[in-house]
Number of protein chains: 2
Amino acid sequence: MTTREIILNRALELFNLRGIENVGIRELATDLNIRPGNITYYFPKKEDILVELGKQLSELNSATIVKLENPSMTDFMERYRQVFNNHYEYRCLFLSFVSQMQQNKKLSENYGKVEKSRLEDFRKILNKLVEAGYLDTSVTEDDIEQLVSFLSLVARFWISESTVSYKKLSKKQAINHYLNLIGFVFSKHATIIGKKQINSFLSGL
Amino acid sequence: MTTREIILNRALELFNLRGIENVGIRELATDLNIRPGNITYYFPKKEDILVELGKQLSELNSATIVKLENPSMTDFMERYRQVFNNHYEYRCLFLSFVSQMQQNKKLSENYGKVEKSRLEDFRKILNKLVEAGYLDTSVTEDDIEQLVSFLSLVARFWISESTVSYKKLSKKQAINHYLNLIGFVFSKHATIIGKKQINSFLSGL
DNA sequence: GTCTATACAAGGATAGAC
DNA sequence: GTCTATCCTTGTATAGAC
């Protein structure tokens with residue numbers, strides 16, 4: 001493993017454990033038994049570490065998320081389970097989401113692009129779920145916008161909320177809590193077969 | 001206005017404008033044409049300013065929120081409109097929500113108490129809405145928990161999301177966006193009369 | 001009780017020696 | 001590629017003037 005990779009790995013661990021703002025470059029260096037300037041050599045600014053971690057997350061998501069030609073309701077729920085698992089591994093980014101988006105230009109640029117295509121992707125999937133008879137045909141374009149809106153809010157802030165309000169929950173319990181919430185909202189727009197898939201997915205968690 | 005009040009008022013303005021982390025004590029002092037130590041006299045730590053702003057917000061909410069004996073669906077939506085308006089005035093607190101909750105013990109204690117009773121309050125209101133025939137009788141206790149969960153997520157993070165994703169929206173537009181989301185979710189659990197009230201509330205925004 | 005001046009520690013960032 | 005020295009900013013503590 002290169003020094004650069006060693007720094008990235010340990011930074012992610014410490015940031016996840018104690019928060020980005022609470023882990024200094026000096027501390028990270030001491031932990032790795034290297035000198036602060038050495039970290040600066042690979043990452044001139046602290047921001048740069050986070051830009052790289054952000055890239056890792058989006059690559060992880062790309063690798064995890066399989067293209068769905070004919071998505072079922074189960075596929076949809078399963079995809080969110082995977083995305084949430086990935087988010088958890090990079091939870092430090094979500095816990096400092098707003099401040100990073102405001103201060104870290106590159107990170108926010110990268111995130112903006114990825115997020116835009118991700119939302120577009122989900123719009124398509126929802127439309128396909130309607131066509132395939134998993135979501136009700138009464139679901140309008142406007143409803144889909146609201147559903148995407150809802151998904152986007154949950155995806156961005158579930159980690160923040162669970163860190164603040166559900167500290168005692170394990171990773172799995174926390175993820176299940178929010179998958180249940182998504183299932184709850186979506187089942188009201190699902191067909192009978194769609195509901196069935198949601199329920200069996202949730203009861204299998 | 002006392003010095004203490006002047007400090008609090010201007011701090012809120014600057015924190016809202018540029019973020020809590022980006023406004024230093026020295027800068028606030030310069031802006032007010034007083035010396036940093038003078039701020040320290042009233043607020044030994046920066047945290048203490050935020051504790052006080054947190055109290056102001058919860059007092060504002062208490063003052064705004066009218067006790068509802070026989071709440072209608074319209075009352076429910078209207079209450080959220082008021083709460084969101086109040087949140088916006090103290091948006092800096094929500095933009096740094098997670099880090100404050102983790103680092104500011106008093107603020108998080110105070111918030112914990114208020115939030116607990118607020119959620120309890122909303123559970124009661126939802127139950128009453130069922131009894132009064134605005135929400136469907138098929139709504140179970142478990143459904144109510146999910147709805148409260150949903151409301152809690154939106155209430156805490158709508159400002160964060162709109163700051164990051166909907167920068168161009170005005171205060172009113174942003175609030176309307178999230179009221180629409182709440183209406184969207186709730187209308188699926190509402191009776192005919194309940195739906196009517198939600199729709200007429202939303203179209204009157 | 002109110003306000004000022006000053007000092008200190010910690011964190012990010014930079015230039016340059018080896 | 002690695003490390004040292006140094007600077008600047010921020011939060012905070014203290015001593016003392018009015």
Side-chain angles (χ1 to χ4, degrees), chain A residues 1-54 92-93 95-108, chain B residues 1-54 92-93 95-108:
Chain A
M1 221 171 12
T2 66
T3 305
R4 186 185 146 89
E5 287 168 340
I6 291 172
I7 294 171
L8 279 174
N9 289 345
R10 190 61 184 150
L12 178 59
E13 283 178 20
L14 292 181
F15 289 166
N16 278 342
L17 272 174
R18 311 224 323 282
I20 294 169
E21 297 81 359
N22 305 314
V23 179
I25 298 297
R26 288 173 181 82
E27 185 189 346
L28 178 57
T30 306
D31 183 279
L32 291 169
N33 196 29
I34 59 177
R35 260 38 62 192
N38 198 359
I39 295 180
T40 296
Y41 172 70
Y42 292 99
F43 304 98
K45 303 193 178 188
K46 193 179 178 183
E47 284 189 351
D48 298 325
I49 300 180
L50 297 163
V51 172
E52 199 50 38
L53 291 176
C92 60
L93 294 176
L95 290 174
S96 304
F97 189 72
V98 183
S99 60
Q100 288 304 319
M101 287 298 131
Q102 287 177 332
Q103 286 166 8
N104 194 326
K105 269 197 171 182
K106 278 187 189 169
L107 184 63
S108 83
Chain B
M1 222 172 12
T2 66
T3 306
R4 189 185 141 89
E5 287 168 341
I6 291 172
I7 294 171
L8 280 173
N9 288 346
R10 190 61 183 150
L12 178 59
E13 283 178 20
L14 291 180
F15 289 166
N16 278 342
L17 270 173
R18 310 225 325 283
I20 294 169
E21 298 82 359
N22 305 315
V23 179
I25 298 296
R26 287 173 182 80
E27 186 189 344
L28 177 57
T30 306
D31 183 281
L32 291 170
N33 196 30
I34 60 178
R35 259 40 61 195
N38 198 359
I39 295 179
T40 296
Y41 171 70
Y42 292 100
F43 304 98
K45 303 192 177 188
K46 192 180 178 182
E47 285 189 351
D48 300 323
I49 299 179
L50 296 163
V51 172
E52 199 50 39
L53 292 176
C92 59
L93 294 175
L95 289 174
S96 304
F97 190 73
V98 183
S99 59
Q100 287 304 319
M101 287 298 130
Q102 286 177 333
Q103 288 166 6
N104 194 327
K105 270 198 172 180
K106 279 188 190 168
L107 184 63
S108 84

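Keep in mind it's a predicted model, so treat the numbers as computed, not measured. Per chain, numbering begins at 1; letters A, B, ... match sequence-line order.
By the 4.5 Å heavy-atom criterion applied to side chains, B:Arg4 and B:Glu52 are counted as neighbours.
Here B:Asp31 pairs with B:Arg10 under the salt bridge (Lys or Arg N to Asp or Glu O under 4.0 Å) rule; sequence neighbours left out.
The pair A:Arg18-A:Glu13 does not meet the salt-bridge criterion, since no charged nitrogen lies less than 4.0 angstrom from a carboxylate oxygen. Taking the charged nitrogens against the carboxylate oxygens, B:Lys105 and B:Glu47 have no contact shorter than 4.0 Å, which rules out a salt bridge.
Rounding to whole angstrom units, CD1 of residue B:Ile39 and C1' of D:dT12 are separated by 13 Å. The CZ-P distance, from B:Phe43 to D:dG11, rounds to 15 Å in whole Å. We find that CZ of B:Arg4 is positioned 16 Å from C1' of C:dC3, with the value rounded to whole Å. Protein atom CG of B:Asn33 is 13 Å distant from nucleotide atom C1' of C:dT4, rounded to whole Å. Between the CD1 atom of B:Ile6 and the P atom of C:dT2 there is a distance of 13 Å, given to the nearest Å.
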What one-letter contact string describes nucleotides 5-18 of chain C from 5' to 3', where B marks a base within less than 4.0 Å of any protein heavy atom, S marks contact via sugar-phosphate atoms alone, and - marks no contact? S-B---BBBB----
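Taking only side-chain nitrogens and oxygens, B:Tyr42 comes nearer than 4.0 Å to OP1 or OP2 of C:dC3. Of the side-chain N and O atoms in B:Asn38, none sit less than 4.0 angstrom from OP1 or OP2 of C:dT2. The phosphate of D:dG1 has OP1 or OP2 within less than 4.0 Å of a side-chain N or O from A:Tyr41.
Considering all non-hydrogen atoms of both residues, B:Glu21 and B:Ser99 come closest at OE2-OG, 3.8 Å. Pairing each heavy atom of A:Ala29 with each of A:Pro36, the nearest pair is CB-N, 3.6 Å.
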